[in-house]
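Here's the structure, in structure tokens; my notes come after.
Here is the naming used below: chain letters follow the sequence lines, and residue numbers restart at 1 for every chain.
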2 protein chains.
Amino acid sequence: MELPVATERGAADELARTLREAIQRLNRRVRQTRPVGDLTPGQLSALTSLQLAGALTPRELADVERVQPPTMTKIVGKLEERGLVIRTPHPTDGRQVILAPTEPGRAVYAQFEQLRNEWLADQLAALEPEDRAVLVRAAEILQQVARA
Amino acid sequence: MELPVATERGAADELARTLREAIQRLNRRVRQTRPVGDLTPGQLSALTSLQLAGALTPRELADVERVQPPTMTKIVGKLEERGLVIRTPHPTDGRQVILAPTEPGRAVYAQFEQLRNEWLADQLAALEPEDRAVLVRAAEILQQVARA
DNA sequence: CACGATTCTTAGCCTAGCTAATGAGCTTGG
DNA sequence: CCAAGCTCATTAGCTAGGCTAAGAATCGTG
């Protein structure tokens with residue numbers, strides 16, 4: 001009888017190495033597309049999370065961004081200064097605040113999103129259809145893994 | 001007659017969106033594994049580049065890390081303080097300096113590498129073999145794209 | 001209703017990024 | 001052959017973004 005656990009583990013280790021390297025490199029390439037309205041990566045990331053969630057409290061946004069609340073206070077402060085985000089009081093809890101992107105904030109996000117996809121989409125368009133099909137399936141699997 | 005270019009472009013755009021989202025999330029998860037010898041992400045990244053290249057001048061390392069030379073001076077200074085990197089004079093050009101990881105530097109890199117792979121390998125080991133096979137092929141394609 | 005918990009912010013510190021400027025050392029054109 | 005100009009690394013000084021500690025306001029509960 002074979003040792004499926006052991007061999008699965010070895011395959012997983014090997015795959016983890018190459019996959020992580022590829023992901024890291026890709027991320028660097030994609031992230032170089034930045035200078036949209038002078039926003040820093042941290043500000044863009046926070047704005048993105050806010051855009052995807054619709055509205056969040058500072059605490060929730062800090063959790064999503066894996067950052068401590070005081071750090072998020074600073075970042076949100078910058079975004080608010082630029083009019084990209086608005087703070088409104090929580091309807092029932094006086095301690096809390098609701099953060100939401102403004103209309104300009106949503107526009108900046110959309111512009112950034114498009115720019116950021118451009119390079120990757122160019123690369124993908126140049127692939128063979130079979131390779132793209134593999135990546136379509138892989139993207140689903142990776143989404144699932146990332147959510148775990 | 002169909003419009004292969006247009007449809008390929010649409011498929012590539014769609015794929016770019018989901019793939020980038022998955023990659024971004026994965027990268028965040030993987031990057032949370034950090035605290036190896038108190039090194040910050042910037043220090044780890046520089047040490048990794050140095051380890052992969054063997055030896056580089058500060059200028060070269062700054063280029064690889066997509067950072068300005070003064071920034072790299074600071075980071076290398078920290079790594080040198082901890083004995084993870086060594087500066088030696090360039091054999092023929094008195095202006096330049098050669099940076100290389102020390103033995104402890106290589107050890108820290110290896111330890112970090114292993115830690116960083118662990119979480120991802122765990123996730124991958126839990127997948128169905130078919131899914132893992134898809135990712136093996138996808139990793140190759142993504143490596144190729146990242147190098148482009 | 002008073003006390004503990006939670007939420008956000010402020011204060012103060014460090015790292016990491018930038019540009020501008022400096023000093024040392026190469027390189028080349030007259 | 002040497003002076004002018006370039007390149008490399010570093011220093012100085014700024015901003016952003018990360019942290020912990022501590023504070024004020026509010027909530028909730030015993």
Side-chain angles (χ1 to χ4, degrees), chain A residues 27-28 31-50 53 55-82 84-100 108 112, chain B residues 27-28 31-50 53 55-82 84-100 108 112:
Chain A
N27 222 43
R28 277 195 193 176
R31 283 201 158 237
Q32 280 174 239
T33 315
R34 279 204 209 143
V36 181
D38 283 350
L39 289 191
T40 63
Q43 291 167 15
L44 269 172
S45 184
L47 183 57
T48 297
S49 292
L50 218 44
L56 293 172
T57 67
R59 157 72 63 184
E60 289 166 340
L61 183 52
D63 286 348
V64 169
E65 293 289 305
R66 310 268 178 185
V67 137
Q68 293 304 308
T71 301
M72 195 44 70
T73 294
K74 281 192 199 175
I75 294 176
V76 168
K78 297 282 160 66
L79 290 174
E80 203 185 15
E81 272 176 23
R82 292 165 194 261
L84 304 179
V85 153
I86 188 165
R87 279 179 166 105
T88 54
H90 192 286
T92 65
D93 188 336
R95 295 167 302 182
Q96 298 188 45
V97 172
I98 305 290
L99 305 173
V108 165
F112 169 64
Chain B
N27 222 44
R28 278 193 192 178
R31 283 200 158 237
Q32 281 174 238
T33 314
R34 278 203 210 143
V36 181
D38 283 349
L39 290 190
T40 63
Q43 292 167 13
L44 270 173
S45 184
L47 182 57
T48 297
S49 292
L50 217 44
L56 293 171
T57 66
R59 157 74 61 186
E60 289 167 339
L61 184 52
D63 286 347
V64 169
E65 292 289 304
R66 310 272 178 184
V67 138
Q68 294 305 306
T71 301
M72 195 44 69
T73 295
K74 282 192 199 173
I75 294 176
V76 168
K78 296 281 158 68
L79 289 173
E80 202 185 17
E81 272 176 22
R82 292 166 194 259
L84 303 179
V85 153
I86 188 167
R87 280 179 166 104
T88 55
H90 191 285
T92 64
D93 189 336
R95 295 167 302 180
Q96 297 187 48
V97 171
I98 306 289
L99 305 173
V108 165
F112 168 64

Between CG of A:L99 and C1' of C:dC8 the distance, given in whole Å, is 10 Å
Here the distance between atom C1' of D:dC6 and atom CD of B:Q96, to the nearest Å, is 13 Å
Comparing A:T92 with A:T71, nearest DNA chain D nucleotide closer to 5' gives the residue A:T71
The reported gap from CD1 in B:I98 to OG1 in B:T57 (rounded to nearest 0.5 angstrom) is 6.5 Å
Expected list for residues 56-63 of chain A near DNA chain C, using heavy atoms below 4.0 Å, is A:T57, A:P58, A:R59
Residues at least two apart in sequence or cross-chain that pass salt bridge (charged side-chain N to carboxylate O under 4.0 Å, His left out) with A:D93, listed by chain then number, are A:R95
Per nearest nucleotide of DNA chain C, the residue lying toward the 5' end, B:V67 or A:M72, is A:M72
Out of C:dG25, D:dT26, C:dT9, minimum distance to the side chain of A:P69 belongs to C:dT9
Expected list for residues 73-81 of chain B near DNA chain C, using heavy atoms below 4.0 Å, is B:K74, B:I75, B:K78
Atom CD of A:E65 and atom C1' of D:dG18 are separated, to the nearest Å, by 13 Å
Rounded to whole Å, CD1 of A:I98 lies from C1' of C:dT7 at a distance of 12 Å
Exercise. Decide yes or no for A:V97 and A:V76: does some side-chain heavy atom of the first lie under 4.5 Å from some side-chain heavy atom of the second?
Key: no
side-chain contact (heavy atoms from CB on, under 4.5 Å) filter on B:T92, not counting sequence neighbours, yields B:H90
B:P70 meets the side-chain contact (heavy atoms from CB on, under 4.5 Å) criterion, sequence neighbours left out, with B:Q68
Taken in chain and number order and not counting sequence neighbours, the residues that satisfy side-chain contact (heavy atoms from CB on, under 4.5 Å) with B:A53 are B:L56
From CZ of A:R66 across to P of D:dC19 the rounded distance in Å is 12 Å
In whole angstroms, the gap separating C1' of D:dG18 from CD of A:Q43 amounts to 14 Å
So OG of A:S45 and CZ of A:R66: to nearest 0.5 Å the spacing works out to 11.5 Å
- Task: Find out whether B:V67 and B:I75 are in side-chain contact, i.e. whether some heavy atom of one side chain is under 4.5 Å from a heavy atom of the other.
- Result: no
What protein N or O atoms touch nucleotides 22-25 of chain D N or O atoms at under 3.5 angstrom, if any, and at what distances?
none

In whole angstroms, the gap separating C1' of C:dT7 from CD of A:Q68 amounts to 14 Å
So the side-chain hydrogen bond (donor to acceptor under 3.5 Å, both in side chains) pairs with at least one residue in residues 71-80 of chain A (sequence neighbours excluded) are A:E80-A:R87
Query raised in the report: B:R87 side chain N/O closer than 4.0 Å to the phosphate oxygens (OP1, OP2) of D:dC8?
Result: no
Notebook entry, point to check: Is there a donor-acceptor contact under 3.5 Å from the side chain of B:T48 to the main chain of B:L44?
Noted result: yes
When rounded to the nearest 0.5 Å, the distance separating CD of A:E81 from CD of A:Q43 is 9.0 Å
